[in-house]
Undergrad: 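There's a structure below that I have some questions on.
What you see is a predicted model, and the numbers here were worked out from it, not measured in a lab. Numbering of ligands and ligand atoms starts at 1, following listing order. Residue numbers count from 1 along this sequence.
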Amino acid sequence: MTALPRLPAAVTLDQIRAAAARIAPHLRRTPMEQDAHLSALLGVPVWLKMEHQQATGAFKLRGATNALLSLPPEALARGVITASTGNHGRALAHAARAQGVRAVVCLSRLVPANKIAAIRDLGAEVRIVGISQDQAMIEVARAVAMDGLAEVPPFDDAAVIAGQGTLGLEIAQDLPDVATVLVPLSGGGLAAGVAAAVKGLRPEVRVIGITMERGAAMAASLAGGRPVEVAEEASLADSLGGGIGLQNRLTFAMCQALLDDVVLLTEAEIAAGMRHAYRHARQVIEGGAAVGIGAILAGKVSAQGPVAVILSGGNVDMDLHLRVMNGADGLGAQG
Ligand SMILES: *Cc1c(COP(=O)(O)O)cnc(C)c1O
């Protein structure tokens, strides 16, 4: 067993516990359900954390709500802004509306139409800028400087990480002997927060980040030992796209210290994860949320159980979902 990991000072268990108390009135406590088929396949109990059933359809509401409720009143009076691959923008729009705060969401053209529409429906101002998350982030920096809006970053922020970490507290409460947690990995806010929570409680728990082969910035950065840029490509796991920022402050160091392994999946393996969730667990989940199941089905994680698999979101375009259920192993023409 590995020694107690040295937790980067960035986000502590106490901050995550404080976040849990702060956001509890505004969020659903999502259930965990055992998956009989995956348990039989792996030979140890496999539990699904049904976070796609969260309000706004993804865990991002945890971090966005915690960050918003942590801002001073003067900042809330001016409004908030963010760049997003979709789910964080939707979460911030929801949290801002609940508090009567103005929200601006900058999105690249890679963000699916269903996610853009959902953000507009929540009353946020949407700005479509460029063809990558990094380009959307440039517009955020401009608006922060020009209009005095407060930025709520999608992952590289202590309040956001602490909010996402509340999901790890719930896993540890519902499955006290959990041995392995499979976490979808993009910017690393979810992985950093969940790992800080579960390892803060029980250092021996393994936390494995799972992402797609296409354009996985955190995986490339961890392999290279420092934040690097990768070309962003369209993927079934659209919510795992985007860079980690060359000036990354928190999530890179936390993922470096706290993740036991990173697993990469092909588009076909992600599609298989989505199909399994639908056929065996009757759950509609997006590609970015299907990577944990996909990794088990592909034989890419070893059997140390009980295993908790985070189903991080369900905001999939329903026409795409139908095509994948009918056997498509990618986005289609581009995939
Ligand atoms: C944002 C997102 C992730 C990745 O979270 P990070 O904190 O960026 O690593 C995973 N799944 C879904 C559904 C998401 O929206």
Undergrad: Testing T56, L27, V160 for side chain to side chain contact (heavy atoms under 4.5 Å, CB included) with T65, which one passes?
TA: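 Single pass found, and it is L27.
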
Undergrad: Of all the heavy-atom pairs spanning V104 and R102, show the shortest one and how long it is.
TA: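 Between these two residues, the closest heavy atoms are CG2-NH2, 3.8 Å.
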
Undergrad: Can you give me the closest heavy-atom contact between I285 and G273, atom names plus distance?
TA: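 Looking at all heavy atoms of both residues, the closest pair is CD1-O, 4.5 Å.
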
Undergrad: For atom 14 (C) of ligand 1, what is the nearest protein heavy atom, given as residue, atom name and distance?
TA: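 Checking every protein heavy atom, the shortest distance to atom 14 (C) of ligand 1 gives K60 NZ, 2.8 Å.
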
Undergrad: Can you pull out the closest protein heavy atom to atom 5 (O) of ligand 1? Residue, atom name and distance to 0.1 Å, please.
TA: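 Residue, atom and distance for the closest contact: F59 CZ, 3.4 Å.
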
Undergrad: Do L71 and I81 share a hydrophobic cluster, counting only Ile, Leu, Val, Met, Phe, Trp and Tyr and linking them when any side-chain heavy atoms are less than 4.5 Å apart?
TA: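 No, no single cluster joins them.
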
Undergrad: Regarding ligand 1, does G187 bring an N or O atom to under 3.5 Å of one of the ligand's N or O atoms?
TA: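 For ligand 1, there is an N or O atom that lies under 3.5 Å from one belonging to G187.
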
Undergrad: Within ligand 1, which atoms have a heavy atom of G313 less than 4.0 Å away?
TA: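 Listed by number with element, the hits are 13 (C).
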
Undergrad: Under 4.0 Å from a heavy atom of E286: give me the atoms of ligand 1 that qualify, with their elements.
TA: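 Listed by number with element, the hits are 13 (C).
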
Undergrad: Same hydrophobic cluster for V262 and V194, using side-chain heavy-atom links shorter than 4.5 Å among ILVMFWY?
TA: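 Result: yes, single cluster for both.
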
Undergrad: For ligand 1, which atoms, with element, lie under 4.0 Å from some heavy atom of G188?
TA: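 By the 4.0 Å cutoff, the relevant atoms are 6 (P), 7 (O), 8 (O), 9 (O).
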
Undergrad: Look at the side chain of R202 and the backbone N and O of A172, then say whether any donor-acceptor pair between them is shorter than 3.5 Å.
TA: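 Answer holds: no.
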
Undergrad: Given side-chain contact (heavy atoms from CB on, under 4.5 Å), test L331 with L236 step by step and report yes or no.
TA: CA-CA 6 Å; L331 286 174; L236 273 180; 4.0 Å; yes

Undergrad: Do F155 and ligand 1 have an N or O pair less than 3.5 Å apart?
TA: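 Looking only at distances, the answer is no, because the N/O contact criterion of under 3.5 Å is not met.
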
Undergrad: Which part of A289 is near ligand 1, with near meaning a heavy atom under 4.0 Å away: side chain, backbone, both or neither?
TA: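 Neither; no heavy atom under 4.0 Å.
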
Undergrad: Considering only the protein, which heavy-atom contact is closest to atom 10 (C) of ligand 1, and what is its distance?
TA: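 Its nearest protein heavy-atom neighbour is L240 CD2, 3.3 Å.
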
Undergrad: Kindly determine whether T166 and R62 satisfy side chain to side chain donor-acceptor pair (under 3.5 Å), including the steps that lead there.
TA: CA-CA 7 Å; T166 62; R62 295 172 184 264; 3.0 Å; yes

Undergrad: Going by the order shown, which atoms of ligand 1 are within less than 4.0 Å of some heavy atom of N87?
TA: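 Contacts of ligand 1 toward N87, numbered from 1: 13 (C), 14 (C), 15 (O).
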
Undergrad: Looking at P184, which atoms of ligand 1 are within less than 4.0 Å of one of its heavy atoms?
TA: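 Near P184, meaning under 4.0 Å from one of its heavy atoms, ligand 1 has 10 (C).
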
Undergrad: Would L68 and L190 show up in the same hydrophobic cluster when neighbours are defined by side-chain heavy atoms closer than 4.5 Å?
TA: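 No, L68 does not connect to L190 through the hydrophobic network.
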
Undergrad: For atom 11 (N) of ligand 1, what's the nearest protein heavy atom and its distance?
TA: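 Here the nearest protein heavy atom works out to S312 OG, 2.7 Å.
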
Undergrad: When only distance counts, is G189 in polar contact with ligand 1, meaning an N/O pair under 3.5 Å?
TA: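 Indeed, backbone or side chain, G189 has an N or O that close.
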
